[in-house]
Amino acid sequence: MELVIYDTLTRQKRRFDPLVPGQVSFYTCGVTVYDYCHIGHARVYVTTDTMRRVLLAAGYSVRYVQNFTDIDDKIINRAAEAGIEYHTLTQRFIDAYMEDMGQLGISPADCYPRATEYLPQMIEMIGSLVASGHAYVSDTGDVWYSVDTFEGYGRLSRKKRDELIAGVRVDAMDGKRHPSDFVLWKSAKPGEPTWESPWGPGRPGWHIECSAMARQELGESIDIHAGGEDLIFPHHENEICQSEAVTHKPFVRYWVHNGFVTIDNEKMSKSLGNFFTIRDVLTQVSGQALRFFLLRSHYRTPLHYSLDGVKEAKVGLDKLVNTVNLHRDSPEAFGAVLSSIEVLKNRFWQAVSDDFNFSEAIGVLFDLSRMINTSEVSSGVLAELMGILGLESAALGESITQEAEDLMKVRWDAKQNRDFGTADRLRIELLERFQILVEDTKTEYRWKKLT
RNA sequence: GGCGGCAUAGCCAAGUGGUAAGGCCGAGGUCUGCAAAACCUCCACCCUCAGUUCGAAUCUGAGUGCCGCCUCCA
């Protein structure tokens, strides 16, 4: 099946052709680990995880790499405030990150490079940039990238170098030659973590880490590089000029950027303070519900977050999960029903192949759900397609207490004896004490645990 | 100021030239002791104006409103 991906660099959908047929190198910019992740982060990682799942389901082998920025100003400041080592702080939030992402049903990356573990690679790249004249050392011992030396600077973000000068404050020049020059190596400041380098002790600037880690872990040209829209400039712009000045090869074949999550029509961000952390939200709704909510709209459009919205999404998701559970053991479809299901399956694949249109794909899932319920055929295909979107539909394997189980039996017997008073009382008790909803059919009862 | 994006029902949200997917909510119905689940029916002149076209939510132009990037940000 042909896959089409919208590429930020060319601003158009392009047929997806990995550098090596059948193999995909996929890099997603990770988080700076100084705090808990919010819904905006959740959106990026749910999206890229789902893209990765689609690629895998389509038969590609995928190497998926996502970094942690574990050294920067904010980390140093937070650690100082807390009176702990910076790496104690970063480890804490890396652990929290892993927990949060696990709740969202995100598969672990193949590799989680941390900036502080790639100093040699970064120093080598910076050295190469200095040697080739793309970078220079200022009086203060900082090393800067000279954007004027790179022909295509501004191509990704559609910015012109001379126009960038306008908004820059003069007092922020710090020994730069051009206002847009950015730091590759920061000379040591008292009390900060430092590493040795040919330019003296210091620490790396932000952008160089992704160039170095992507190169080390995925090679000099990678297929997909993803991140939030806010990374287009300057982060990804800078990555391109660093990497390509060193390797003379196209750094990235497809640039993929997520739209923002908004609150009251404004971008959710740490600086505005209008953010909800993933773990806050997960006290109210399940990770699956949040994941489903995030996948319901196309990844490039803004997504308005609200708790009500997530709860609404959950109702829909429950419907799909219900269908899967109800018809897990129903007979396989055949004949006309099978044909209809094949058509739906095809529509699903067309949707996800067209720039990862998960919203449309979910629409197909509801059609499929109806088809399964009306025809009473196996829900296997629905479970399979939900799995591609990372939506779990496995039977609730969780054990219920013996007491609850006994109560359900007692209730059923009471009902069979037309003792409705007892039956109803037990229904309420099961619901209130165990969060178990009992559903009756003509011949049996079934139950589900409310989440 | 420069650049970019968005505007589809009460709400959420696909659709980018052929006559508006899907979900939530709501109304009615089938089923049912009750409840739940499931199913059926109903619920949009696609921000405005002007154009192109046999035909436009979809293309063009103008306008209005909102948002983003240009500084750390997913």
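So that the names make sense, note that chain A is the first sequence line, chain B the second, and so on, each numbered from 1.
Heavy-atom contacts from other residues, nucleotides or ligands closer than 6.0 Å to CD of A/Glu151 number 12 or fewer. Counting non-hydrogen atoms of neighbouring residues, nucleotides and ligands closer than 6.0 angstrom, the CZ atom of A/Arg446 exceeds 12 such neighbours. The neighbour count for A/Asp264 CG, taken as heavy atoms of other residues, nucleotides or ligands under 6.0 Å away, does not exceed 12.
When the side-chain nitrogen and oxygen atoms of A/Lys319 are compared with OP1 and OP2 of B/C24, one or more of them lie within a distance under 4.0 Å. Distances shown here put a side-chain N or O of A/Asn373 below 4.0 Å from the OP1 or OP2 atom of B/C39. In this model, the phosphate group of B/C40 is approached by a side-chain N or O of A/Arg370 to a distance below 4.0 Å at OP1 or OP2. Between A/Asn357 and B/G15, a side-chain N or O to OP1/OP2 separation shorter than 4.0 Å is present. In terms of phosphate contacts, A/Lys442 brings a side-chain nitrogen or oxygen within less than 4.0 Å of OP1 or OP2 of B/U32. Checking the phosphate oxygens (OP1, OP2) of B/A36, no side-chain nitrogen or oxygen of A/Thr441 falls inside 4.0 Å.
Summarising the base pairing, B/G55 is matched to no nucleotide, lacking a Watson-Crick or G-U wobble pair whose two defining distances lie under 3.5 Å. With both pairing distances under 3.5 Å, B/G1 is matched to B/C70 as a Watson-Crick or G-U wobble pair. In a base pair of the Watson-Crick type (N1 to N3 plus N6-O4 or O6-N4) or a G-U wobble (N1-O2 and O6-N3), with each distance short of 3.5 Å, B/A44 is matched with no nucleotide. B/A20: no Watson-Crick or G-U partner with both key distances under 3.5 Å is found in any strand. Remark: B/U64 base-pairs with B/A7. Criterion, Watson-Crick or G-U wobble with two distances under 3.5 Å. Checking B/A38 for Watson-Crick or G-U wobble geometry (two distances, each under 3.5 Å) identifies B/U30 as its partner.
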> Going through the distances and angles, do A/Ser359 and A/His298 end up as a side chain to side chain donor-acceptor pair (under 3.5 Å)?
Replying inline: CA-CA 6 Å; A/Ser359 180; A/His298 188 90; over 6 Å; no
> Going through the checks in order, is the salt bridge (charged side-chain N to carboxylate O under 4.0 Å, His left out) test met by A/Lys345 and A/Glu384?
Replying inline: CA-CA 10 Å; A/Lys345 196 172 169 179; A/Glu384 176 200 331; 3.6 Å; yes
> Between A/Tyr153 and A/Asn238, does a side chain to side chain donor-acceptor pair (under 3.5 Å) hold up when you go through it step by step?
Replying inline: CA-CA 8 Å; A/Tyr153 193 78; A/Asn238 293 351; 2.5 Å; yes
> Please walk me through it: do A/Glu237 and A/Ser157 pass side chain to side chain donor-acceptor pair (under 3.5 Å)?
Replying inline: CA-CA 7 Å; A/Glu237 194 71 72; A/Ser157 55; 2.6 Å; yes
>> Evaluate A/His235 against A/Glu239 for side chain to side chain donor-acceptor pair (under 3.5 Å), listing each step before the verdict.
In response: CA-CA 6 Å; A/His235 187 53; A/Glu239 283 184 45; 2.8 Å; yes
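Minimum atom distance to the side chain of A/Glu312 is reached by B/G23, of the listed B/G23, B/A74, B/C69. Nearest to the side-chain atoms of A/Arg158 among the listed nucleotides B/G33, B/G2, B/C3 stands B/C3. When the nucleotides B/G23, B/C39, B/C25 are ranked by their closest atom to the side chain of A/Val315, B/C25 comes out on top. Among B/C34, B/A35, B/C11, the nucleotide with an atom closest to any side-chain atom of A/Glu439 is B/A35. Each of B/C72, B/C40, B/A74 was ranked by its minimum atom distance to the side chain of A/Pro234; first place goes to B/C72.
Per the geometry, NZ belonging to A/Lys311 stands 14 Å off P belonging to B/C25, to the nearest Å. One interatomic measurement links the two molecules: CD1 of A/Ile428 to P of B/C34, which rounds to 15 Å at whole-angstrom precision. Going from atom CG of A/Leu295 over to atom P of B/C12 covers 19 Å, rounded to whole Å. The CZ atom of A/Arg300 sits 12 Å away from the C1' atom of B/U16 (whole-angstrom rounding). Between the CG atom of A/Asp35 and the P atom of B/A74 there is a distance of 10 Å, given to the nearest Å. We find that CG of A/Asn258 is positioned 12 Å from P of B/A74, with the value rounded to whole Å. Across the protein-nucleic acid pair, A/Met371 atom CE and B/C40 atom C1' stand 14 Å apart, rounded to whole Å. If you take CG of A/Asp264 and P of B/G68, they are 12 Å apart, rounded to a whole angstrom.
Donor-acceptor pairing under 3.5 Å, judged by distance alone, is present between the side chain of A/Arg427 and the base of B/C34. Not a single donor-acceptor contact under 3.5 angstrom links the side-chain atoms of A/Asp308 to the base of B/C11. Checked by distance alone, A/Glu360 brings no side-chain donor or acceptor within 3.5 Å of a matching partner on the base of B/G22.
On the P atoms, B/A36 is 16 Å away from B/U30, given to the nearest whole Å. Rounded to whole Å, the P atom of B/A9 lies 14 Å from the corresponding atom of B/U58. Taking atom P in both B/U32 and B/G26, the straight-line distance is 24 Å, to the nearest Å. Here, B/A57 and B/A21 have their P atoms 13 Å apart, quoted to the whole Å. Comparing B/C39 with B/C45, their P atoms sit 27 Å apart, to the nearest whole Å. B/C59 and B/G15: their C1' atoms are spaced 16 Å apart (whole Å). Comparing B/U16 with B/U60, their C1' atoms sit 14 Å apart, to the nearest whole Å. A gap of 42 Å separates the C1' atoms of B/C42 and B/G4, to the nearest Å.
Within 4.0 Å (heavy atoms only), A/Asp367 reaches sugar-phosphate atoms of the nucleic acid but no base atom. Base engagement by A/Asp424 is indicated by at least one non-hydrogen atom pair under 4.0 Å involving a base atom. Nucleic acid contact for A/Thr323: none, since no nucleic acid atom lies under 4.0 Å from a heavy atom of the residue. Counting any heavy atom pair closer than 4.0 Å across all strands shown, A/Gly227 reaches sugar-phosphate atoms only and no base atom. Counting any heavy atom pair closer than 4.0 Å across all strands shown, A/Ile232 reaches no nucleic acid atom. Contact annotation for A/Ser297: backbone-only contact, meaning every heavy-atom pair under 4.0 Å involves sugar-phosphate atoms and none involves a base. Nucleic acid contact for A/Val261: base, since at least one base atom lies under 4.0 Å from a heavy atom of the residue. Across all strands shown, A/Lys270 has no heavy atoms under 4.0 Å from either base or sugar-phosphate atoms.
Where stacking is scored as ring centres under 5.5 Å apart with planes under 30°, A/Phe366 does not register as stacked on the base of B/G23.
Distance check: A/Thr28 OG1 to A/Asn258 CG gives 9.5 Å after rounding to the nearest 0.5 Å.
Between A/Ser157 and A/Phe260, it is A/Ser157 whose nearest contact on RNA chain B lies nearer the 5' terminus. The 5' end of RNA chain B is approached more closely, in terms of each residue's nearest nucleotide, by A/His298 than by the other of A/Arg43 and A/His298.
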